[in-house]
Amino acid sequence: YIYKIFDLSFQRESILIEGTNLYLKGRDIKAHLEHSLKCVLFAATLGSSIERRIGHYKSYDLTRILVLDACATALIESVCSEIEEEIKGIGQREYGLNITSRYSPGYGDLSLNIQPKLLDVLEAHRIGLTVTEDLIMIPRKSVTAIIGLQKEKGSFTGTCRKCTNRGNCPYRKEL
């Protein structure tokens, strides 16, 4: 995994990640970061070996593929939670700030189109992470996210209720 901490500059229609040419556009990300003084961009990946292992079973053991894929999904989420805890500690120790929840391209109205630029800003090639023209991250078991650093304690409840994609999201649990 890799992450970097940036100052934010709130523009009329977007948020500029200071020191980069990356603009975060959308009402939802703006609302998510509205109290943030800084943000952390991060990328995490399980690497290509899991892709090869899943591919190995592709032609003869679909059950194993499903189980392995589900385990890999759970593992990358666990890795992201550990990174989040690390960022939380740094935010509190070094800046006296609290974190928001993770927010990824594709959530709400934050377009996946920022993925190439986000990976470029993070120099994610250093961890073997790239993105295709169709905006699919390679390796597939990878995550990019944005975490705000703010004075207020972050609210982690009701995220789905606030999302503009709530009615169409296939990942939302019933509330």
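Since this is a predicted model, take the numbers as computed values, not measurements.
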Quiz prompt | Where Asp109 and Ile29 come nearest, the two heavy atoms and their spacing | solution =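 Smallest interatomic distance, heavy atoms only, reads OD1-N, 4.2 Å.
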Self-check item: Shortest non-hydrogen separation from Met137 to Leu129 and the atoms involved
Solution: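 The pair with the smallest heavy-atom distance is CB-CD1, 4.1 Å.
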Quiz item: Just checking, is any N or O donor in the side chain of Glu86 or Tyr3 under 3.5 Å from an acceptor N or O on the other one?
Solution: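 Short answer, yes.
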Quiz item: If you measure only the distance, is there a donor-acceptor pair under 3.5 Å linking the side chains of Gln150 and Thr100?
Solution: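 No - no donor-acceptor pair under 3.5 Å links their side chains.
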Quiz item: Looking at side-chain heavy atoms only, is the closest gap between Asn113 and Leu135 below 4.5 Å?
Solution: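 In contact.
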For the hydrophobic clusters of this structure (ILVMFWY residues joined by side-chain heavy atoms under 4.5 Å, transitively), does one cluster hold both [X] and [Y]?
X	Y	answer
Tyr60	Leu66	no
Ile138	Val121	no
Tyr23	Ile114	no
Leu75	Leu68	yes
Val143	Tyr1	yes

Quiz item: CG/Asp120 to CG/Leu22 distance, rounded to the nearest 0.5 angstrom?
Solution: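 With rounding to 0.5 Å, CG (Asp120) is 9.5 Å from CG (Leu22).
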Self-check item: Spacing of CD1 belonging to Ile146 relative to CG belonging to Leu118, to within rounding of 0.5 Å
Solution: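 Rounded to the nearest 0.5 Å, the CD1-CG separation comes out at 6.0 Å.
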Exercise. Can you establish whether the number of heavy atoms outside Lys30 located under 6.0 Å from its atom NZ is more than 12?
Key: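 Enclosed: over 12 neighbouring heavy atoms sit under 6.0 Å from NZ of Lys30.
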Quiz prompt | Verdict with supporting geometry, Glu13 and Lys25, salt bridge (charged side-chain N to carboxylate O under 4.0 Å, His left out) | solution = CA-CA 7 Å; Glu13 299 291 321; Lys25 298 177 181 174; over 6 Å; no
Practice problem: Walk me through it: do Leu41 and Lys4 pass the test side-chain contact (heavy atoms from CB on, under 4.5 Å)? | Solution: CA-CA 6 Å; Leu41 304 180; Lys4 294 182 181 180; 5.5 Å; no
Quiz item: With sequence neighbours left out, what residues match His125 under side chain to side chain contact (heavy atoms under 4.5 Å, CB included)?
Solution: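 With neighbours one apart ignored, the set is Glu123.
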Practice problem: Show your reasoning for whether side-chain contact (heavy atoms from CB on, under 4.5 Å) applies to Leu149 and Asn98. | Solution: CA-CA 5 Å; Leu149 296 174; Asn98 298 296; over 6 Å; no
Exercise. Under the side-chain contact (heavy atoms from CB on, under 4.5 Å) rule, what do Arg102 and Phe42 come out as? Steps first, then yes or no, please.
Key: CA-CA 10 Å; Arg102 296 190 307 258; Phe42 85 79; 3.5 Å; yes
Practice problem: Examine distances only and state if a side-chain atom of Ser78 and a backbone atom of Ala74 form a donor-acceptor pair shorter than 3.5 Å. | Solution: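 Side chain of Ser78 to backbone of Ala74: no pair is present.
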Exercise. Evaluate the side-chain contact (heavy atoms from CB on, under 4.5 Å) criterion for residues His32 and Ser101: first the C-alpha distance (whole Å), next the side-chain angles of each, then the deciding distance (0.1 Å), finally the verdict.
Key: CA-CA 9 Å; His32 186 74; Ser101 58; 3.1 Å; yes
Quiz item: Out of Arg64, Arg53, Arg140, which residue meets the salt bridge (charged side-chain N to carboxylate O under 4.0 Å, His left out) rule with Asp69?
Solution: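 Going through the options one by one, the only one that passes is Arg140.
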Practice problem: Could you list the residues that satisfy ring-ring contact (aromatic ring centres under 6.0 Å, His included) with Tyr95, not counting sequence neighbours? | Solution: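 Testing Tyr95 for ring-ring contact (aromatic ring centres under 6.0 Å, His included), a comparison that skips the adjacent residues, returns none.
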